[in-house]
Number of protein chains: 2
Amino acid sequence: MKEQHELKKGSTQTLILAVLGDAPSHGYAIAREIERRSASALKMGEGALYPALRALENEGFISSAWELQLSGPARKVYTLTEKGQGELARQKSAWQKFSEAVNSVIGGAPHGQTN
Amino acid sequence: MKEQHELKKGSTQTLILAVLGDAPSHGYAIAREIERRSASALKMGEGALYPALRALENEGFISSAWELQLSGPARKVYTLTEKGQGELARQKSAWQKFSEAVNSVIGGAPHGQTN
DNA sequence: TGATATACATCAGTATCTAATGTATAATTA
DNA sequence: TAATTATACATTAGATACTGATGTATATCA
């Protein structure tokens, strides 16, 4: 039984930016960190992760640099840019407004007929 | 300046079921009710609304009946089925878990390195 | 030796949404 | 009275975003 969200819903970018908002990191570690912080409730697949990183870099919200490892494959480390910091704030705020709006509909009082 | 969410993110079905969980209603009124309850933060377009209603009916979560009006166009009134009530509960719970998980990532404590 | 973990990446197929378009009636406003 | 807005249904082209599979390569662990 799969009880893990696949985090579509357009939140992929927000989550990545949030992780990079605390410290630079590379793709694989970002995905693991999202899993950790959400207690494994959120799992980001590579097919969502890497295209999202590409898009964020294309828009100038993050920048990247290869880092060779003494052992194991090289890592592409991403850093939040100044522009990205503004975007992170914007997306956080948008998420909060969105989730509050959804809650007010699904938790919502019956009342007030639209009919 | 558009400061309205377009409510993609897979929440369309949940919102419709939630509205129908309080009382039977028709498409147009459902969309208006979602707008009302969210203080216009959420706006559901017809291109999202009608296909979603169709899908929900195909899955047996809602049932429909035409209602002729004394004045104005006829309405297709949808009612939540018993199966739909279970689905509503499931989707509400899934939404709550999802939104909490997102919050724990974006509000999240830095700490605990994954590196 | 085979499985698992790390670390990147692409891609076919699917799902879902936006914005536009269309039909039709009724009410309001200029 | 003509034009606009509201009600009420519906479809569709195009865009976006995600899933699941596949692929390459190194390192570790059993």
Side-chain angles (χ1 to χ4, degrees), chain A residues 2 4-17 24-36 42-59 62 64-78 91 94-95 98 102 113-115, chain B residues 2 4-16 19 24-36 42-59 62 64-78 91 94-95 98 102 113-115:
Chain A
K2 187 160 133 197
Q4 255 181 340
H5 294 274
E6 307 84 8
L7 68 80
K8 56 188 130 196
K9 296 161 216 278
S11 50
T12 301
Q13 282 201 357
T14 310
L15 294 168
I16 293 173
L17 290 176
S25 187
H26 61 281
Y28 190 82
I30 293 169
R32 295 295 77 74
E33 176 66 5
I34 288 170
E35 248 177 280
R36 192 191 66 76
L42 303 176
K43 170 141 194 80
M44 189 178 300
E46 297 98 326
L49 173 66
Y50 293 110
L53 286 169
R54 234 162 254 292
L56 288 169
E57 189 171 20
N58 286 340
E59 290 173 302
I62 59 179
S64 68
W66 282 99
E67 262 186 24
L68 297 176
Q69 300 302 305
L70 294 175
S71 154
R75 299 165 171 178
K76 203 171 185 177
V77 175
Y78 293 93
Q91 289 200 18
W95 161 260
F98 174 73
V102 171
Q113 75 184 46
T114 310
N115 186 48
Chain B
K2 188 162 138 199
Q4 255 181 338
H5 296 273
E6 308 82 9
L7 68 82
K8 57 185 129 197
K9 293 161 219 281
S11 51
T12 302
Q13 282 200 359
T14 310
L15 295 167
I16 293 173
V19 170
S25 187
H26 61 282
Y28 190 82
I30 292 168
R32 295 295 78 72
E33 177 65 5
I34 288 169
E35 250 178 278
R36 191 191 67 78
L42 302 177
K43 170 140 193 84
M44 188 177 302
E46 297 97 324
L49 173 66
Y50 292 112
L53 286 170
R54 233 162 255 291
L56 288 169
E57 189 170 19
N58 286 341
E59 290 173 302
I62 60 177
S64 68
W66 283 98
E67 262 186 24
L68 297 175
Q69 300 302 305
L70 294 174
S71 153
R75 300 164 172 180
K76 202 172 187 177
V77 175
Y78 293 93
Q91 290 200 18
W95 161 259
F98 174 74
V102 171
Q113 77 185 45
T114 309
N115 187 44

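Keep in mind that this is a model prediction, so the values were computed, not measured. Chain letters run A, B, ... following the sequence lines, proteins first and then strands; every chain starts at 1.
The main-chain N or O of B:Glu67 is found under 3.5 Å from a side-chain atom of B:Gln69 such that the two form a donor-acceptor pair.
Taking atom CG of residue A:Leu49 and atom P of nucleotide C:dA7, one finds them 13 Å apart after rounding to whole Å. In this structure, A:Met44 places its CE atom 17 Å from P of C:dA7, rounding to the nearest Å. The CG atom of A:Leu15 sits 14 Å away from the C1' atom of D:dA17 (whole-angstrom rounding). Here the P atom of nucleotide D:dT26 and the CD atom of A:Glu67 are 20 Å apart, to the nearest Å. Distance, A:Arg36 CZ to C:dA5 C1': 19 Å, rounded to whole Å. One can place CD of B:Glu46 at 14 Å from P of C:dC17, the figure rounded to the nearest angstrom. Separating the CD atom of B:Glu35 from the P atom of D:dA8 is a distance of 14 Å, rounded to the nearest angstrom. Straight-line distance from the CD1 atom of A:Ile16 to the P atom of D:dC18: 9 Å, rounded to whole Å.
Sequence order on DNA chain C of the closest nucleotides to A:Pro73 and B:Gln13 puts A:Pro73 first from the 5' end.
Taking side-chain N and O atoms only, B:Arg54 has a distance below 4.0 Å to OP1 or OP2 of D:dT11. Note on B:Lys76: a side-chain N or O is less than 4.0 Å away from OP1 or OP2 of D:dA10. Of the side-chain N and O atoms in B:Tyr28, one or more sit less than 4.0 angstrom from OP1 or OP2 of D:dT7. Applying the 4.0 Å criterion to OP1 and OP2 of C:dC8, one finds that A:Tyr50 has a side-chain N or O inside that range. For the pair B:Thr12 and C:dC17, the criterion of a side-chain N or O lying under 4.0 Å from OP1 or OP2 is met.
Counting any heavy atom pair closer than 4.0 Å across all strands shown, A:Ala52 reaches no nucleic acid atom. B:Gly47 comes within contact range of at least one nucleobase, with a heavy-atom separation under 4.0 Å.
Looking at A:Arg75 and A:Tyr28, their side chains never come closer than 4.5 Å, going by heavy atoms from C-beta outward. In this structure, the side chains of B:Val19 and B:Leu15 stay at 4.5 Å or more apart for every pair of heavy atoms.
A cation-pi contact, defined as under 6.0 Å to the ring centre and within 45° of the axis, is absent between B:Arg54 and B:Tyr50.
The heavy-atom pair separating B:Gly27 from B:Leu53 by the smallest distance is CA-CD1, 3.9 Å.
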